[in-house]
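Report on one structure; see the data block that follows.
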Amino acid sequence: MVNELKQEFLQRSITAIFISVIVTTLVIYSSDFILKTFIALFSLALFIEWMKVSESSYKKKSIFLIFFIILISAIQFIGALFEPISFITMLGITVWFVIAYQIFFKEGRLSSNFKFTNFWVGLILIATFCLICFQFVTGSRLLLLIVIFNVAVFDTGAYLIGKNFGKKSFLPELSPNKTVEGLIGGSLSSVVFVTFLYLFLEELSLRMTLAMILSIPFALCGDYFFSFLKRKAKVKDTGSILPGHGGLLDRIDSHLAAIPMTAFLLILLNTMGSYF
(Lines give C-alpha, C1' and ligand atoms only; values in the text may rest on other atoms or scores of the structure.)
Protein backbone atom coordinates (compact mmCIF):
# COMPACT_ATOMS: atom_id res chain seq x y z
CA MET A 1 0.00 0.00 0.00
CA VAL A 2 2.82 2.40 0.92
CA ASN A 3 4.69 1.56 -2.29
CA GLU A 4 1.53 2.16 -4.33
CA LEU A 5 1.09 5.59 -2.73
CA LYS A 6 4.74 6.47 -3.41
CA GLN A 7 4.43 5.36 -7.02
CA GLU A 8 1.19 7.32 -7.48
CA PHE A 9 2.74 10.43 -5.92
CA LEU A 10 5.85 10.13 -8.11
CA GLN A 11 3.73 9.73 -11.24
CA ARG A 12 1.54 12.69 -10.30
CA SER A 13 4.61 14.79 -9.52
CA ILE A 14 6.29 14.09 -12.87
CA THR A 15 3.07 14.93 -14.73
CA ALA A 16 2.57 18.10 -12.64
CA ILE A 17 6.13 19.30 -13.29
CA PHE A 18 5.76 18.67 -17.02
CA ILE A 19 2.48 20.61 -17.12
CA SER A 20 3.95 23.44 -15.00
CA VAL A 21 6.90 23.90 -17.37
CA ILE A 22 4.60 24.09 -20.41
CA VAL A 23 2.14 26.49 -18.76
CA THR A 24 4.87 28.75 -17.35
CA THR A 25 6.70 28.93 -20.68
CA LEU A 26 3.52 29.78 -22.58
CA VAL A 27 2.32 32.40 -20.10
CA ILE A 28 5.70 34.16 -19.87
CA TYR A 29 7.10 33.94 -23.39
CA SER A 30 4.31 33.45 -25.95
CA SER A 31 2.46 36.20 -27.78
CA ASP A 32 -1.12 37.07 -26.88
CA PHE A 33 -2.38 35.36 -30.02
CA ILE A 34 -0.49 32.11 -29.36
CA LEU A 35 -1.46 32.01 -25.67
CA LYS A 36 -5.13 32.74 -26.37
CA THR A 37 -5.14 30.14 -29.16
CA PHE A 38 -3.69 27.58 -26.74
CA ILE A 39 -6.34 28.47 -24.14
CA ALA A 40 -9.08 28.16 -26.77
CA LEU A 41 -7.83 24.75 -27.98
CA PHE A 42 -7.38 23.56 -24.39
CA SER A 43 -10.94 24.64 -23.56
CA LEU A 44 -12.17 22.82 -26.66
CA ALA A 45 -10.36 19.67 -25.48
CA LEU A 46 -12.03 20.03 -22.07
CA PHE A 47 -15.47 20.25 -23.65
CA ILE A 48 -14.80 17.26 -25.92
CA GLU A 49 -13.75 15.26 -22.86
CA TRP A 50 -16.94 16.35 -21.05
CA MET A 51 -19.03 15.07 -23.97
CA LYS A 52 -17.07 11.80 -24.34
CA VAL A 53 -17.98 10.76 -20.79
CA SER A 54 -21.69 10.99 -21.60
CA GLU A 55 -23.67 8.42 -23.58
CA SER A 56 -25.42 11.02 -25.70
CA SER A 57 -25.95 10.65 -29.42
CA TYR A 58 -23.29 11.55 -31.96
CA LYS A 59 -25.67 14.11 -33.49
CA LYS A 60 -26.15 15.96 -30.19
CA LYS A 61 -22.40 15.97 -29.52
CA SER A 62 -21.69 17.32 -33.01
CA ILE A 63 -24.20 20.16 -32.67
CA PHE A 64 -22.81 21.27 -29.31
CA LEU A 65 -19.23 20.92 -30.52
CA ILE A 66 -19.90 23.19 -33.51
CA PHE A 67 -21.69 25.68 -31.27
CA PHE A 68 -18.79 25.68 -28.81
CA ILE A 69 -16.22 26.24 -31.58
CA ILE A 70 -18.24 29.17 -32.98
CA LEU A 71 -18.58 30.67 -29.51
CA ILE A 72 -14.89 30.40 -28.59
CA SER A 73 -13.83 31.65 -32.05
CA ALA A 74 -16.07 34.67 -31.66
CA ILE A 75 -14.57 35.37 -28.22
CA GLN A 76 -11.07 35.05 -29.66
CA PHE A 77 -11.46 37.18 -32.77
CA ILE A 78 -14.24 39.65 -31.92
CA GLY A 79 -13.50 40.07 -28.23
CA ALA A 80 -15.52 42.53 -26.19
CA LEU A 81 -17.70 43.36 -29.20
CA PHE A 82 -19.26 39.91 -28.95
CA GLU A 83 -22.34 40.55 -26.80
CA PRO A 84 -22.95 37.10 -25.22
CA ILE A 85 -19.51 37.07 -23.54
CA SER A 86 -20.56 38.99 -20.44
CA PHE A 87 -23.80 37.02 -20.29
CA ILE A 88 -21.98 33.68 -20.43
CA THR A 89 -19.53 34.79 -17.75
CA MET A 90 -22.39 35.86 -15.52
CA LEU A 91 -24.10 32.50 -16.05
CA GLY A 92 -20.90 30.61 -15.22
CA ILE A 93 -20.31 32.57 -12.00
CA THR A 94 -23.95 32.02 -11.01
CA VAL A 95 -23.66 28.26 -11.59
CA TRP A 96 -20.58 28.08 -9.34
CA PHE A 97 -22.43 30.00 -6.61
CA VAL A 98 -25.31 27.52 -6.86
CA ILE A 99 -22.89 24.60 -6.64
CA ALA A 100 -21.11 26.17 -3.65
CA TYR A 101 -24.43 26.75 -1.88
CA GLN A 102 -25.51 23.14 -2.40
CA ILE A 103 -22.15 21.75 -1.27
CA PHE A 104 -21.70 23.86 1.86
CA PHE A 105 -25.29 24.44 2.94
CA LYS A 106 -27.18 21.44 1.53
CA GLU A 107 -24.66 18.77 2.59
CA GLY A 108 -23.56 18.20 -0.98
CA ARG A 109 -27.02 17.44 -2.35
CA LEU A 110 -26.33 18.73 -5.83
CA SER A 111 -29.08 19.29 -8.37
CA SER A 112 -30.06 16.38 -10.61
CA ASN A 113 -29.53 18.75 -13.56
CA PHE A 114 -25.78 18.48 -12.99
CA LYS A 115 -24.58 15.58 -15.13
CA PHE A 116 -22.28 14.97 -18.07
CA THR A 117 -25.25 14.53 -20.41
CA ASN A 118 -26.22 18.16 -19.76
CA PHE A 119 -23.93 19.77 -22.32
CA TRP A 120 -25.25 23.26 -21.53
CA VAL A 121 -23.66 23.11 -18.08
CA GLY A 122 -20.33 22.00 -19.52
CA LEU A 123 -20.45 24.63 -22.25
CA ILE A 124 -21.22 27.47 -19.82
CA LEU A 125 -18.59 26.51 -17.23
CA ILE A 126 -15.80 25.81 -19.73
CA ALA A 127 -16.59 28.90 -21.85
CA THR A 128 -16.52 31.03 -18.67
CA PHE A 129 -13.13 29.55 -17.77
CA CYS A 130 -11.85 30.30 -21.28
CA LEU A 131 -13.11 33.87 -21.25
CA ILE A 132 -11.66 34.70 -17.83
CA CYS A 133 -8.29 33.28 -18.89
CA PHE A 134 -8.45 35.55 -21.97
CA GLN A 135 -9.07 38.52 -19.69
CA PHE A 136 -6.14 37.60 -17.47
CA VAL A 137 -3.89 37.38 -20.55
CA THR A 138 -4.91 40.89 -21.55
CA GLY A 139 -4.81 42.27 -18.00
CA SER A 140 -2.04 40.54 -16.06
CA ARG A 141 -0.17 37.42 -17.13
CA LEU A 142 1.66 37.34 -13.80
CA LEU A 143 -1.63 37.19 -11.93
CA LEU A 144 -2.87 34.41 -14.24
CA LEU A 145 0.25 32.37 -13.47
CA ILE A 146 -0.07 32.96 -9.72
CA VAL A 147 -3.77 32.02 -9.74
CA ILE A 148 -2.99 28.80 -11.62
CA PHE A 149 -0.25 27.84 -9.15
CA ASN A 150 -2.35 28.88 -6.16
CA VAL A 151 -4.97 26.29 -7.10
CA ALA A 152 -2.24 23.72 -7.78
CA VAL A 153 -0.77 24.39 -4.31
CA PHE A 154 -4.21 23.90 -2.76
CA ASP A 155 -4.71 20.62 -4.64
CA THR A 156 -1.24 19.35 -3.71
CA GLY A 157 -1.58 20.32 -0.04
CA ALA A 158 -5.01 18.72 0.19
CA TYR A 159 -3.75 15.54 -1.51
CA LEU A 160 -0.64 15.15 0.66
CA ILE A 161 -2.28 15.97 3.99
CA GLY A 162 -5.39 13.97 3.14
CA LYS A 163 -3.44 10.87 2.09
CA ASN A 164 -1.14 10.93 5.13
CA PHE A 165 -3.31 12.34 7.93
CA GLY A 166 -6.89 12.31 6.66
CA LYS A 167 -9.40 10.49 8.84
CA LYS A 168 -12.71 12.35 8.73
CA SER A 169 -14.52 12.55 5.39
CA PHE A 170 -15.89 15.98 4.53
CA LEU A 171 -18.73 14.88 2.25
CA PRO A 172 -18.55 11.06 2.06
CA GLU A 173 -21.54 10.77 -0.29
CA LEU A 174 -19.82 12.91 -2.90
CA SER A 175 -16.21 11.82 -2.46
CA PRO A 176 -15.35 9.52 0.45
CA ASN A 177 -11.60 9.83 -0.12
CA LYS A 178 -11.51 13.58 0.52
CA THR A 179 -11.14 14.54 4.16
CA VAL A 180 -11.51 17.51 6.48
CA GLU A 181 -7.81 17.27 7.27
CA GLY A 182 -6.99 17.42 3.56
CA LEU A 183 -9.21 20.46 3.10
CA ILE A 184 -7.52 22.26 5.99
CA GLY A 185 -4.06 21.30 4.73
CA GLY A 186 -4.82 22.50 1.22
CA SER A 187 -6.32 25.77 2.46
CA LEU A 188 -3.37 26.52 4.74
CA SER A 189 -0.93 25.70 1.93
CA SER A 190 -2.69 28.18 -0.35
CA VAL A 191 -2.80 30.91 2.30
CA VAL A 192 0.93 30.51 3.02
CA PHE A 193 1.72 30.53 -0.72
CA VAL A 194 -0.17 33.73 -1.60
CA THR A 195 0.92 35.50 1.60
CA PHE A 196 4.56 34.74 0.81
CA LEU A 197 4.15 36.11 -2.73
CA TYR A 198 2.36 39.20 -1.43
CA LEU A 199 5.30 39.98 0.86
CA PHE A 200 7.89 39.66 -1.91
CA LEU A 201 6.10 40.73 -5.10
CA GLU A 202 5.25 44.41 -5.49
CA GLU A 203 2.94 43.59 -8.40
CA LEU A 204 0.64 41.58 -6.13
CA SER A 205 -1.81 43.86 -4.32
CA LEU A 206 -3.65 43.12 -1.10
CA ARG A 207 -6.94 42.83 -3.00
CA MET A 208 -5.45 40.29 -5.41
CA THR A 209 -4.16 38.30 -2.44
CA LEU A 210 -7.55 38.38 -0.69
CA ALA A 211 -9.33 37.37 -3.91
CA MET A 212 -7.13 34.29 -4.24
CA ILE A 213 -7.63 33.33 -0.59
CA LEU A 214 -11.40 33.79 -0.86
CA SER A 215 -11.47 31.64 -4.00
CA ILE A 216 -10.12 28.58 -2.12
CA PRO A 217 -13.62 27.26 -1.19
CA PHE A 218 -14.51 27.35 -4.89
CA ALA A 219 -11.44 25.27 -5.75
CA LEU A 220 -12.91 22.70 -3.36
CA CYS A 221 -16.29 23.07 -5.08
CA GLY A 222 -14.75 22.33 -8.47
CA ASP A 223 -13.11 19.20 -7.08
CA TYR A 224 -16.28 17.92 -5.39
CA PHE A 225 -18.49 18.89 -8.33
CA PHE A 226 -16.58 16.69 -10.75
CA SER A 227 -16.41 13.89 -8.19
CA PHE A 228 -20.21 14.10 -8.09
CA LEU A 229 -20.49 14.03 -11.88
CA LYS A 230 -18.17 11.03 -12.15
CA ARG A 231 -20.06 9.10 -9.50
CA LYS A 232 -23.32 9.71 -11.40
CA ALA A 233 -21.70 8.62 -14.65
CA LYS A 234 -20.08 5.63 -12.86
CA VAL A 235 -16.57 6.44 -14.08
CA LYS A 236 -13.34 6.80 -12.11
CA ASP A 237 -11.71 9.38 -14.40
CA THR A 238 -12.87 11.52 -17.30
CA GLY A 239 -9.93 10.27 -19.38
CA SER A 240 -6.44 8.80 -19.27
CA ILE A 241 -4.29 11.35 -21.07
CA LEU A 242 -2.42 12.51 -17.93
CA PRO A 243 -0.54 9.78 -16.01
CA GLY A 244 -1.42 9.87 -12.32
CA HIS A 245 -4.26 12.33 -12.84
CA GLY A 246 -6.57 10.79 -15.43
CA GLY A 247 -8.18 13.15 -17.91
CA LEU A 248 -7.85 16.89 -18.47
CA LEU A 249 -10.99 17.57 -16.45
CA ASP A 250 -9.60 15.49 -13.57
CA ARG A 251 -6.56 17.79 -13.43
CA ILE A 252 -8.32 21.07 -14.11
CA ASP A 253 -11.52 20.59 -12.05
CA SER A 254 -10.48 22.97 -9.25
CA HIS A 255 -9.14 25.55 -11.74
CA LEU A 256 -12.43 25.60 -13.66
CA ALA A 257 -14.10 27.07 -10.58
CA ALA A 258 -11.31 28.95 -8.81
CA ILE A 259 -9.94 30.96 -11.76
CA PRO A 260 -13.29 32.56 -12.75
CA MET A 261 -14.20 33.13 -9.10
CA THR A 262 -10.85 34.79 -8.40
CA ALA A 263 -11.54 37.26 -11.20
CA PHE A 264 -15.08 37.87 -9.95
CA LEU A 265 -13.96 38.35 -6.32
CA LEU A 266 -11.21 40.74 -7.42
CA ILE A 267 -13.76 42.85 -9.31
CA LEU A 268 -16.01 42.75 -6.23
CA LEU A 269 -13.19 43.83 -3.90
CA ASN A 270 -12.13 46.63 -6.25
CA THR A 271 -15.72 47.83 -6.47
CA MET A 272 -16.17 47.74 -2.70
CA GLY A 273 -12.81 49.49 -2.25
CA SER A 274 -13.92 52.40 -4.41
CA TYR A 275 -16.60 53.24 -1.82
CA PHE A 276 -14.17 53.47 1.10
Side-chain angles (χ1 to χ4, degrees), residues 4-5 7-23 38-39 41-55 92 95-96 99 103 108 110 114-119 121-130 133 147-163 166 169-179 182-183 186 189-190 215-216 218-261:
E4 288 181 4
L5 287 175
Q7 185 176 1
E8 181 185 359
F9 177 70
L10 179 62
Q11 195 174 49
R12 287 173 66 96
S13 298
I14 293 172
T15 303
I17 292 170
F18 179 72
I19 294 172
S20 298
V21 170
I22 293 176
V23 170
F38 172 80
I39 292 169
L41 292 175
F42 182 74
S43 299
L44 178 62
L46 290 174
F47 189 56
I48 291 174
E49 191 170 274
W50 175 293
M51 293 191 298
K52 283 180 67 177
V53 179
S54 76
E55 297 179 354
V95 170
W96 283 122
I99 292 169
I103 286 177
L110 291 170
F114 294 135
K115 48 192 174 182
F116 281 118
T117 52
N118 190 337
F119 292 165
V121 173
L123 185 145
I124 290 169
L125 294 182
I126 295 171
T128 297
F129 166 80
C130 182
C133 286
V147 171
I148 291 171
F149 278 103
N150 177 46
V151 181
V153 167
F154 167 79
D155 282 341
T156 303
Y159 173 78
L160 291 176
I161 300 299
K163 284 289 185 182
S169 294
F170 180 62
L171 289 173
E173 292 184 3
L174 279 184
S175 186
N177 294 325
K178 294 181 175 64
T179 62
L183 169 59
S189 300
S190 176
S215 71
I216 292 171
F218 291 96
L220 174 73
C221 288
D223 195 346
Y224 273 94
F225 176 65
F226 278 91
S227 293
F228 170 79
L229 293 181
K230 287 184 284 188
R231 285 175 73 86
K232 286 189 71 174
K234 297 180 180 179
V235 296
K236 183 180 182 294
D237 298 313
T238 57
S240 58
I241 192 171
L242 300 175
H245 293 279
L248 295 175
L249 287 171
D250 296 309
R251 177 77 282 268
I252 206 76
D253 51 7
S254 298
H255 293 79
L256 273 176
I259 289 178
M261 293 311 301

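Every value quoted in this text rests on a predicted model; they were computed, and no experiment measured them.
Scored by the side-chain hydrogen bond (donor to acceptor under 3.5 Å, both in side chains) test, Ser189 finds no partners at all (sequence neighbours excluded). With sequence neighbours excluded, the residues satisfying side-chain hydrogen bond (donor to acceptor under 3.5 Å, both in side chains) with Ser215 are Thr262. Taking Asp223 as the reference, Lys178 meet the salt bridge (Lys or Arg N to Asp or Glu O under 4.0 Å) condition, with sequence neighbours excluded.
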Kindly indicate, with the supporting measurements, whether the criterion side-chain contact (heavy atoms from CB on, under 4.5 Å) is fulfilled by Leu229 and Phe114. CA-CA 7 Å; Leu229 293 181; Phe114 294 135; 4.1 Å; yes
Go through Leu220 and Phe154 one step at a time and tell me if the side-chain contact (heavy atoms from CB on, under 4.5 Å) criterion holds. CA-CA 9 Å; Leu220 174 73; Phe154 167 79; 4.1 Å; yes
Going through the distances and angles, do Asp253 and Phe225 end up as a side-chain contact (heavy atoms from CB on, under 4.5 Å)? CA-CA 8 Å; Asp253 51 7; Phe225 176 65; over 6 Å; no
Can you list the steps and then say if Ile148 with Ile259 is a side-chain contact (heavy atoms from CB on, under 4.5 Å)? CA-CA 7 Å; Ile148 291 171; Ile259 289 178; 4.1 Å; yes
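Relative orientation of the Phe116 and Phe226 rings is tilted, given thresholds of 30° and 60° on the angle between their planes. Between Phe129 and Phe42, the ring planes are tilted. Angles from 30° to 60° get that label.
Smallest separation of non-hydrogen atoms from His255 and Ala152: NE2-N, 3.9 Å. Among all heavy-atom pairs drawn from Ser190 and Ile216, the shortest one is OG-CD1, 3.2 Å. Between Thr128 and Gly92, the closest heavy-atom pair is OG1-CA, 3.4 Å. The heavy-atom pair separating Thr179 from Gly162 by the smallest distance is OG1-CA, 3.7 Å. When all heavy atoms of Arg251 and Asp155 are compared, the pair lying nearest together is NH2-OD2, 3.3 Å. For Val53 against Thr238, the heavy-atom pair with the smallest separation is CG2-O, 3.8 Å.
Residues Leu256 and Leu249 form a side-chain contact, since some pair of their non-hydrogen atoms from C-beta on lies under 4.5 Å apart. A 4.5 Å side-chain heavy-atom check between Leu125 and Trp96 finds at least one atom pair inside the cut-off. Contact annotation: the side chain of Leu110 never approaches that of Tyr224 to less than 4.5 Å [non-hydrogen atoms, C-beta and beyond].
Taken from SG in Cys221 to CD1 in Ile99, the straight-line distance is 7.5 Å, to the nearest 0.5 Å. Interatomic distance, Leu183 CG to Ser169 OG, rounded to the nearest 0.5 Å: 12.0 Å. Interatomic distance, Ser227 OG to Lys236 NZ, rounded to the nearest 0.5 Å: 10.5 Å. Within the model, atoms CZ of Phe149 and OG1 of Thr156 stand 10.0 Å from one another, a figure rounded to the nearest 0.5 Å.
The backbone N or O of Met51 lies less than 3.5 Å from a partner atom in the side chain of Ser54, making a donor-acceptor pair. Between the side chain of Asn150 and the backbone N or O of Val147 there is no donor-acceptor pair closer than 3.5 Å. Under a 3.5 Å cut-off, the side chain of Ser254 and the backbone N or O of Ala219 do form a donor-acceptor pair.
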